[in-house]
Amino acid sequence: MSVSPSTTLDSQLTTTWGTTNSHPDVPMVMSGYTSRLWPCDTEPQFWSKYQVWEWLQQVLDMHQMDVSSIPFQNFDMDGHQLCSLSYQDFLRAAGSMGPILFQSITELKWSEIYNPLNHPLTPASPNPSSPAIKRSFSCQVKKHNPRGTHLWEFIRDILLNPERNPGLIKWEDRTEGVFRFLKSEAVAQLWGKKKNNSSMTYEKLSRAMRYYYKREILERVDGRRLVYKFGRNARGWRESDK
DNA sequence: CCTCCCTTTCCTGTTT
DNA sequence: TAAACAGGAAAGGGAG
């Protein structure tokens with residue numbers, strides 16, 4: 001397909017990344033509703049591929065696992081497909097992480113059904129069981145991460161999924177964790193979209209990036225514009241240790 | 001209501 | 001000169 005330059009970028013990003021508001025012409029005025037629509041707030045059956053992928057990242061983070069622990073390509077599917085996988089499917093797709101993922105998605109499915117607040121139209125489940133399930137589960141996914149993802153995780157996740165990364169950021173040195181922004185303003189817009197902030201710019205995004213130096217989530221890379229490097233406190237970016 | 005944490009916003013100055 | 005980089009200062013805002 002031939003994609004012409006500038007104007008199509010936004011729509012391209014929107015269709016590739018759009019989680020909930022996948023219409024390029026719809027402004028960012030969907031208020032708090034949209035920004036709250038994280039995987040743990042919606043029924044997994046209706047997740048987009050992107051949300052499936054976010055869920056994988058969160059489970060990994062939760063268990064402090066490296067991204068190499070899961071072959072992401074085996075989960076190139078939407079929520080509907082994900083929910084139809086059997087325990088055996090998870091074992092095949094994710095090996096030792098299979099059971100963890102299976103448990104997570106199972107709890108997710110149940111917890112949504114139990115919670116009438118999320119989707120009033122969902123037919124009530126006949127199975128009461130204990131409310132503790134729901135609680136333990138939502139803690140599991142939400143962690144103590146207020147808005148779902150921090151900026152550095154957002155950047156990392158773009159890097160780790162090239163097929164969803166239309167030339168936005170690129171590894172400079174994969175093993176050292178050095179990367180470069182190719183389309184800084186586009187990344188900023190995407191970040192802004194995630195935060196429901198249409199006025200995000202690279203200028204502002206980069207200020208947040210610089211705060212990461214002190215926390216050693218990023219290391220400074222001198223003399224190279226738009227180049228950053230993951231630091232010792234950044235998790236989940238490393239290639240396999242095998 | 002308060003505090004903590006992670007930005008977001010703005011700004012002035014420097015570097016590439 | 002434009003675009004990035006550097007940080008200080010302070011406001012915003014969600015979570016607990």
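Every chain is numbered from 1 and lettered A, B, ... according to where its sequence line falls, protein lines coming before strand lines. Because the structure is a prediction, the values reported are computed rather than measured.
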Round to the nearest Å and state the distance from [X] atom [atom1] to [N] atom [atom2].
X	N	atom1	atom2	value
N233(A)	dC5(B)	CG	C1'	15 Å
K194(A)	dG13(C)	NZ	P	19 Å
K195(A)	dT9(B)	NZ	C1'	12 Å
K183(A)	dA3(C)	NZ	C1'	18 Å
Y202(A)	dT9(B)	OH	P	16 Å
W191(A)	dT9(B)	CH2	P	12 Å
L205(A)	dA6(C)	CG	P	14 Å
N196(A)	dT7(B)	CG	P	16 Å

*Only counting residues at least two apart or in another chain, list the ones meeting side-chain contact (heavy atoms from CB on, under 4.5 Å) with T175(A).*
D173(A), E239(A)
Nucleotide nearest [X] (side chain, heavy atoms from C-beta), chosen from [options]:
X	options	value
S199(A)	dC6(B), dA6(C), dT9(B)	dT9(B)
S184(A)	dC10(B), dA4(C), dA6(C)	dA4(C)
K204(A)	dT7(B), dT9(B), dC5(C)	dT9(B)

Looking at [X], does any N or O in its side chain come under 4.0 Å of the phosphate oxygens OP1/OP2 on [N]?
X	N	result
R215(A)	dC5(B)	no
Y211(A)	dC5(B)	no
N197(A)	dT9(B)	yes
Y213(A)	dC5(C)	no

_Pairing residues for Y87(A) by the ring-ring contact (aromatic ring centres under 6.0 Å, His included) criterion, not counting sequence neighbours_ =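 Counting only residues at least two positions away or on another chain, Y87(A) forms a ring-ring contact (aromatic ring centres under 6.0 Å, His included) with F102(A).
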*Kindly give the heavy-atom pair with the smallest separation between T201(A) and E185(A), and that separation in Å.*
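Result for this residue pair: CA-OE1, 3.8 Å.
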_Heavy-atom pair of closest approach, residues V52(A) and M77(A)_ =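 Scanning both residues completely, I find the closest heavy atoms to be CG2-O, 3.3 Å.
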*asked:* Once you apply a heavy-atom cut-off of 4.0 Å, does F181(A) come out as touching a base, just sugar-phosphate, or nothing?
replied: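 No contact at all - F181(A) keeps every heavy atom at 4.0 Å or more from the nucleic acid.
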*Nearest nucleotide by nearest heavy atom, which residue falls closer to the 5' end of DNA chain C, S206(A) or K214(A)?*
S206(A)
_Among residues at least two apart in sequence or on other chains, which ones pass side chain to side chain donor-acceptor pair (under 3.5 Å) with R92(A)?_
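Result, side chain to side chain donor-acceptor pair (under 3.5 Å) vs R92(A): D89(A).
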*Quick one: side chain to side chain donor-acceptor pair (under 3.5 Å) partners of E172(A), sequence neighbours excluded?*
R180(A), R224(A)
Can you tabulate the close N/O pairs, meaning under 3.5 Å, that link protein atoms to atoms of nucleotides 11-16 of chain B?
from    : atom 1 : to      : atom 2 : distance (Å)
dT16(B) : O2     : R225(A) : NH2    : 2.6

Listed pairs under 3.5 Å, donor-acceptor, residues 226-233 of chain A side chains, sequence neighbours left out:
from    : atom 1 : to      : atom 2 : distance (Å)
Y228(A) : OH     : Y202(A) : OH     : 2.7
K229(A) : NZ     : E176(A) : O      : 3.3
N233(A) : ND2    : R215(A) : O      : 2.6

